[in-house]
Asker: 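One structure, pasted below without further comment.
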Amino acid sequence: MANYQMKVAVVTQYLAEQSDPDQGNFTFAYTITITNSGDVPAQLIARHWIITDAANHREEVKGLGVVGHQPFLRPGQSFEYTSGCVLKTPQGTMRGHYFCVAEDAHRFEVEIPEFTLSLPRTLH
């Protein structure tokens, strides 16, 4: 039986130079590496994000591919991309799913575990 799996790793960064805290705009970048950890080649077709800020304002984002790509990954191959979002609060979370289609036409979802977007802690 085929193994359909993708591993998702996330690194986040606060972009102070693109933020305006006085106006309630906090900009974050996130770099995602998605690796085909299964045994069947598969293509990432679409994404679905749920973005929630500290005031519990929730936004859903759906679309084809990621940053204009629909990467086809053979077992062991990875695709890395960087994107971003703007929150109205200094912290929030993102989670979601990727929708993939394997070479054998099997469709499957890859969960993107919740991760935190937050201003870095500063020492005074």
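Numbers for residues simply follow the sequence, beginning at 1. In what follows, every heavy atom counts, from backbone to side chain, and hydrogens, waters and symmetry copies are set aside.
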Asker: Restricting to non-hydrogen atoms, name the atom on Tyr14 and the atom on Pro21 that form the minimum distance, rounded to 0.1 Å.
Answerer: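 Between these two residues, the closest heavy atoms are OH-CG, 3.9 Å.
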
Asker: Going only through I, L, V, M, F, W and Y residues with side-chain contacts under 4.5 Å, is there a path from Ile50 to Leu44?
Answerer: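 In one cluster with Ile50: Leu44, no.
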
Asker: Got a second to check how far Met1's CE is from Asp39's CG, nearest 0.5 Å?
Answerer: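 The CE atom of Met1 sits 10.5 Å away from the CG atom of Asp39.
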
Asker: Between CZ of Phe26 and OG of Ser118, what distance do you get to the nearest 0.5 Å?
Answerer: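 Phe26 CZ to Ser118 OG: 10.5 Å, rounded to 0.5 Å.
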
Asker: Give, for atom OG1 of Thr52 and atom CZ of Arg58, the distance between the pair rounded to the nearest 0.5 Å.
Answerer: 6.0 Å

Asker: Take Phe99 and His48, measure what side chain to side chain contact (heavy atoms under 4.5 Å, CB included) needs, and give me the verdict at the end.
Answerer: CA-CA 8 Å; Phe99 299 92; His48 176 201; 3.7 Å; yes

Asker: Considering all heavy atoms of both residues, which atom of Asn36 and which atom of Pro41 are nearest to each other, and what is their separation?
Answerer: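 Nearest pair, atom of Asn36 first, then Pro41: ND2-CA, 3.9 Å.
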
Asker: Do you know which of Ile51, Ile112, Thr12 makes side chain to side chain contact (heavy atoms under 4.5 Å, CB included) with Met94?
Answerer: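 In the set Ile51, Ile112, Thr12, the residue that makes a side chain to side chain contact (heavy atoms under 4.5 Å, CB included) with Met94 is Ile51.
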
Asker: Measure the CG-CD distance between Leu117 and Gln91 for me, rounded to the nearest 0.5 Å.
Answerer: 10.0 Å

Asker: Which heavy atom of Thr35 sits nearest a heavy atom of Ser78, and at what distance?
Answerer: OG1-OG, 2.6 Å

Asker: Would you check if the distance from the ring center of His69 to the ring center of Phe79 is below 6.0 Å?
Answerer: yes

Asker: Above 12 or not: heavy atoms from other molecules or residues under 6.0 Å from CG of Asn56?
Answerer: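 Check fails, neighbour count at 12 or below.
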
Asker: Would you please say whether a donor-acceptor pair under 3.5 Å links the side chains of Thr82 and Thr31?
Answerer: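 Short answer, yes.
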
Asker: For Phe108 and Gln5, work out which heavy atoms get closest and say how close.
Answerer: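 Answer, listing the atom of Phe108 first, then Gln5: CE1-N, 4.3 Å.
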
Asker: Taking all heavy atoms of Val40 and all of Ala102, pick out the closest pair and write down the distance.
Answerer: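 Closest pair (atom of Val40, atom of Ala102, distance): CG1-CB, 3.8 Å.
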
Asker: Kindly compute the distance separating CD (Gln43) from CZ (Arg74), expressed to the nearest 0.5 Å.
Answerer: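 Spacing of CD (Gln43) from CZ (Arg74) equals 11.5 Å.
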
Asker: For Leu15, is there any backbone N or O sitting under 3.5 Å from a side-chain donor or acceptor partner on Thr27?
Answerer: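 No; judged by distance alone, with no hydrogens or angles, the pair does not exist.
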
Asker: For residues Cys100 and Val110, report the shortest heavy-atom separation together with the two atoms involved.
Answerer: SG-CG2, 3.9 Å

Asker: Please tell me whether Ile32 and Phe72 are part of a single hydrophobic cluster in this structure, the criterion being side-chain heavy atoms less than 4.5 Å apart.
Answerer: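 Different hydrophobic clusters.
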
Asker: Between atom CD of Gln77 and atom CE of Met6, what is the distance when rounded to the nearest 0.5 Å?
Answerer: 10.0 Å

Asker: In this structure, would Tyr81 and Val10 fall into the same cluster of hydrophobic residues linked by side-chain contacts under 4.5 Å?
Answerer: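 Hydrophobic grouping puts Tyr81 with Val10.
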
Asker: If you group Ile, Leu, Val, Met, Phe, Trp and Tyr by side-chain heavy-atom gaps below 4.5 Å, do Leu64 and Trp49 land in one group?
Answerer: no

Asker: Please examine the side chains of Tyr98 and Val66, heavy atoms only from C-beta on, and report whether any two atoms are closer than 4.5 Å.
Answerer: yes

Asker: Decide whether Val67 and Ile34 are clustered together by the hydrophobic rule: side chain heavy atoms of Ile, Leu, Val, Met, Phe, Trp, Tyr closer than 4.5 Å, transitively.
Answerer: yes

Asker: Going by atom types alone, do Asp104 and Tyr4 pair a side-chain donor with an acceptor below 3.5 Å?
Answerer: yes

